[in-house]
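Input: a single structure, listed below in structure tokens.
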Amino acid sequence: MENAPQPRPASTVVLLRESDRGPEALLLKRNKALLFAGGLWVFPGGALEDQDLMSAQGDTVAASRIAAAREAGEESGLRPDPNEMVLVSHWTTPVAEPKRFSTWIYAAPVAGGEEVSIDGGEIHDHLWINIREALARHERGELPMLPPTLVTLLGLASYDSVAQLLAEERHSPVPEVLPVFNADLGRVIVMFPGDAGYATVAPATPGARHRVELKDKRWSYSYEDVSPSFPSLVRQQD
């Protein structure tokens with residue numbers, strides 16, 4: 001799209017801790033009065049600031065690690081070590097959006113005994129939750145979230161421990177995700193490369209399905225008949 005706004009660099013981090021039932025992730029609930037993602041459950045994160053770039057000597061990717069740690073500290077009171085962060089994916093907001101971000105998504109461990117501290121302003125609640133349980137609750141309509149949050153959780157749900165998750169993700173390909181979205185018969189559909197409707201932004205186009213679809217406040221991910229040149233964004237369980 002001509003004259004599309006340039007995406008602003010941003011980052012977010014999935015804070016992880018071990019439990020008897022497998023990895024738990026920290027979710028934060030945004031103030032429902034906020035214009036962007038109000039009332040939704042998110043990971044700590046935000047846009048890169050000048051101080052992050054200065055600390056990284058102008059290296060944007062390195063600055064994204066610093067920013068993710070800083071934002072986690074500001075929003076949750078937990079500050080992960082940037083050197084222990086593992087890059088999971090990189091999402092860029094669709095070109096049709098007036099406000100766009102280029103977002104690095106990391107995963108990082110935190111010490112189990114640290115207390116979460118939220119400000120009650122931008123963030124109104126927090127939840128440590130088993131990743132698979134978070135997905136089950138989203139499916140029941142209890143944890144509303146944005147597509148990148150859902151897809152990230154789906155991608156991490158197959159791991160049995162934080163150590164396994166970090167070790168395997170450290171050596172896994174990093175998806176570069178540029179979605180497109182449209183509505184079809186009143187349903188919001190976000191398509192990824194490999195979907196038959198991706199190039200024309202036409203969800204009803206017959207063929208491969210690589211998308212998430214919103215139904216009753218729940219997103220569902222589909223990966224069907226897609227060319228192997230467009231891998232699934234969700235790791236398949238062994």
Side-chain angles (χ1 to χ4, degrees), residues 5-17 19 23-56 60 62-82 84-85 88-94 97-131 133-135 137-138 140-153 156 188 190 214 217-219:
Q6 290 298 307
R8 183 179 179 184
S11 60
T12 186
V13 57
V14 187
L15 299 180
L16 299 165
R17 72 179 186 185
S19 79
E24 291 185 339
L26 179 67
L27 295 178
L28 304 178
K29 187 176 184 180
R30 285 173 60 83
N31 185 339
K32 65 181 180 181
L34 295 173
L35 292 178
F36 175 72
L40 301 187
W41 291 87
V42 300
F43 307 124
L48 273 62
E49 297 183 355
D50 291 342
Q51 67 190 59
D52 304 319
L53 288 163
M54 290 178 61
S55 298
T60 304
S64 72
R65 291 176 175 269
I66 296 170
R70 174 183 53 74
E71 288 281 348
E74 293 173 359
E75 295 183 350
S76 71
L78 306 179
R79 195 178 185 98
D81 184 345
E84 294 187 1
M85 291 182 184
V88 173
S89 59
H90 180 226
W91 287 64
T92 302
T93 308
E97 286 289 304
K99 192 172 184 179
R100 304 181 66 215
F101 292 94
S102 172
T103 305
W104 288 266
I105 300 180
Y106 293 96
V110 294
E114 295 186 45
E115 293 292 329
V116 175
S117 176
I118 59 174
D119 62 13
E122 181 178 336
I123 304 300
H124 271 197
D125 201 357
H126 76 278
L127 179 66
W128 275 112
I129 186 169
N130 174 274
I131 293 175
E133 176 60 22
L135 292 169
R137 289 185 60 178
H138 176 71
R140 297 197 295 267
E142 298 172 3
L143 289 178
M145 59 186 67
L146 291 171
T149 309
L150 172 74
V151 172
T152 299
L153 290 173
L156 302 179
V188 179
V190 178
L214 184 63
K217 299 181 180 181
R218 300 170 297 167
W219 293 100

Taken to the nearest 0.5 Å, the spacing of Glu24 CD from Asn130 CG works out to 6.5 Å
If you compare all heavy atoms of Pro109 against all heavy atoms of Pro80, which two are closest, and at what distance to 0.1 Å?
O-CB, 4.2 Å
Measuring from atom NE2 of His90 to atom CD1 of Ile105, what distance do you get when rounded to the nearest 0.5 angstrom?
9.0 Å
Residues at least two apart in sequence or cross-chain that pass salt bridge (Lys or Arg N to Asp or Glu O under 4.0 Å) with Arg137, listed by chain then number, are Glu142
Check: Arg100 side chain, Thr93 main-chain N or O, donor-acceptor pair, under 3.5 Å:
yes
Asp52 and Ala47 have their tightest heavy-atom pair at OD2-O, 4.4 Å
Heavy-atom side-chain contact between Arg30 and Leu40 under 4.5 Å
no
Can you list every pair that meets salt bridge (charged side-chain N to carboxylate O under 4.0 Å, His left out) and has a residue in residues 72-81, with sequence neighbours left out?
Arg70-Glu74
What's the shortest heavy-atom distance between Ala25 and Ile131, and which atoms?
CB-CG1, 4.1 Å
Is there a donor-acceptor pair under 3.5 Å between the side chain of Arg65 and the backbone N or O of Met85?
yes
CG (Leu27) and CG (Leu15) are apart, to the nearest 0.5 Å, by 10.0 Å
Taking the side chain as everything from C-beta on, heavy atoms only, tell me whether Val14 gets closer than 4.5 Å to Val88.
no
Please tell me if the side chains of Trp219 and Val188 come closer than 4.5 Å, counting only heavy atoms from C-beta onward.
yes
Can Leu26 and Leu78 be said to form a side chain to side chain contact (heavy atoms under 4.5 Å, CB included), step by step?
CA-CA 10 Å; Leu26 179 67; Leu78 306 179; 4.1 Å; yes
State which residues pass ring pair (Phe, Tyr, Trp, His ring centres under 6.0 Å) with His126; sequence neighbours excluded, sorted by chain then number.
none
Do you know the tightest heavy-atom contact between Lys217 and Leu214?
C-CD1, 3.6 Å
Considering all heavy atoms, the nearest Ala68-Val13 contact
O-CG1, 3.7 Å
As an exercise, state the distance from CG of Leu153 to CZ of Phe43, rounded to the nearest 0.5 Å.
4.0 Å
Would you compute the distance between atom CG of Leu143 and atom CD of Glu133 and round it to the nearest 0.5 angstrom?
8.5 Å
Here the pair of heavy atoms bringing Ser102 nearest to Pro7 is N-CB, 3.6 Å
Is a side-chain donor or acceptor of Thr12 paired with a backbone partner of Pro44 at a separation under 3.5 angstrom?
yes
So CH2 of Trp91 and OG of Ser11: to nearest 0.5 Å the spacing works out to 16.0 Å
